[in-house]
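Worksheet for the structure shown next.
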Amino acid sequence: MIVLGIETSCDETSASVLIDDKIVSNQTYTQLIHSKYGGVVPEFASREHEKVLSLIIYKALQKANVKINNINCIGVTYGPGLMGALLVGVNFVKGMSIALGIPFIGINHLEGHIFANFIDYPNIDFPFLCLLVSGGHTQIWNVKNYQKYNLISTTRDDAAGEAFDKGAKILSLGYPGGPEIDKVAKLGDPNKYKFTIPRIKNSEYDFSFSGLKTALLYKHNEMDEKEQKLERSNLAASYQKAIILSLLNKIEKCIKDTKIKTVTIAGGVAANSYLREKAKKLEYKHNIKFLFPSFEYCTDNGAMIAITTSYYLKNKIFSNLELSPIPNLNIK
Ligand code: KG4
Ligand code: ZN
């Protein structure tokens, strides 16, 4: 079976080809236009998708050595995400489906991130915990089986990726902020500044990052310009440490309470090197396994959509032409 997966929910235009459960190509174009605005500008995102999507699909097919007429099914993200950006992908795929006479399937972007770990680890045992950390979401799922997800934890305010992006803006680093902080923090001392992790009333599991961002802003504003420059790497390292330890503390709590021994990490923040390093240490402490996707499958990509599509295709669950994007789509 040959599956094409398309992702256009935010600022990555991506297409991937999967043949018999193996990803054979994954072409991603990251829209650079947003960096000068310090965040994604929705209108520009739609226009960029519109401009490059057909070329990205062509490249993905070419790399996989697949002719367009041989595709059996197409999967496309239909939410959550930016309405205009989603519309470009969904409508393109509807057109392809009609022209080629093949079925298509609308895929939930969050479920796509969860499935990303199946690309490198196809036989993960259920149940497993999934820490989904992206620019828009910070959630811990108990994945009991395919399509059986139980939400344990979410964020009360900012998402972890958003905390990285906002922190980077305060420190005058580029956008997206996660990779920038990750890089600069390697030169700094994570113990130089104490950014405390907030406790949430009435919830042992939920996250909150907006107070952390304010603490960074205050600390940064206390300094003059020279000191801000000198201390940038120490501030980045200390701030990153607080975000990552907050994520891992909650995961530790979930491991203890559920006794589940496999934890997958998904979403853009899964690329973070400090998170990967600290998770390794927890593996020994709790005798558990942390699984991370390859770097190209952490941030938004077509491959995670293709692998999720292949599951629905096997179960003969298809979409029809009435499918519309749902910007605030959740997992049931
Ligand atoms: O999954 P993703 O590509 O898009 C969403 O679905 O939101 O995640 C993007 C987020 C951004 O906030 C970006 O700053 C963050 O992932 N990110 C990272 C790293 N690489 C990307 N955060 C921390 N460390 C990284 N290395
Ligand atoms: Zn995403």
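Heavy-atom basis, side chains included; hydrogens, waters and symmetry copies ignored. None of the values given here were measured: they were computed from a predicted structure. Atoms within each ligand, like the ligands themselves, are counted from 1 in listed order.
Near Gly136, meaning under 4.0 Å from one of its heavy atoms, ligand 1 places the atoms 7 (O). Residue His113 has at least one heavy-atom neighbour below 4.0 Å for each of these atoms of ligand 1: 1 (O), 6 (O). Heavy-atom contacts of Ser134 reach the following atoms of ligand 1: 1 (O), 5 (C), 6 (O), 7 (O), 8 (O) (cutoff under 4.0 Å). The Asp165 neighbourhood of ligand 1 comprises atoms 11 (C), 12 (O), 13 (C), 14 (O), with distances under 4.0 Å to a heavy atom of that residue. The ligand atoms of ligand 1 that sit less than 4.0 angstrom from a heavy atom of Thr299 are 3 (O), 21 (C). Interface of Asp182 with ligand 1, defined as ligand atoms under 4.0 Å from a residue heavy atom, comprises 24 (N), 25 (C), 26 (N). Close contacts of ligand 1 with Val269, meaning ligand atoms under 4.0 Å from a residue heavy atom, involve 16 (O), 18 (C), 22 (N).
Nearest protein heavy-atom neighbour of atom 18 (C) of ligand 1: Gly178 CA, 3.5 Å. From the protein, the heavy atom lying nearest to atom 21 (C) of ligand 1 is Gly268 O, 3.4 Å. Remark: minimum distance from atom 7 (O) of ligand 1 to any protein heavy atom is reached at Gly135 N, 2.8 Å. Of all protein heavy atoms, the one lying nearest to atom 2 (P) of ligand 1 is Asp300 OD1, 3.3 Å. Looking from atom 24 (N) of ligand 1 to the surrounding protein, the closest heavy atom is Asn272 ND2, 3.0 Å.
The aromatic ring centroids of Phe128 and Phe126 lie less than 6.0 Å from each other. Ring centroids of Tyr146 and Phe118 are separated by less than 6.0 Å, placing the two rings close together.
At least one N, O or S atom of His113 sits under 2.8 Å from the Zn ion (ligand 2). At a cut-off of 2.8 Å, His137 does not coordinate the Zn ion (ligand 2) through any N, O or S atom.
Checked options Lys192, Lys219, His220; the residue passing with Glu231 is Lys192 (criterion: side chain to side chain donor-acceptor pair (under 3.5 Å)).
Judged by distance alone, the side chain of Lys259 and the main-chain N or O of Lys256 form a donor-acceptor pair under 3.5 Å.
In this structure, His109 and His113 have perpendicular ring planes: the angle between them is above 60°, well past the 30° mark.
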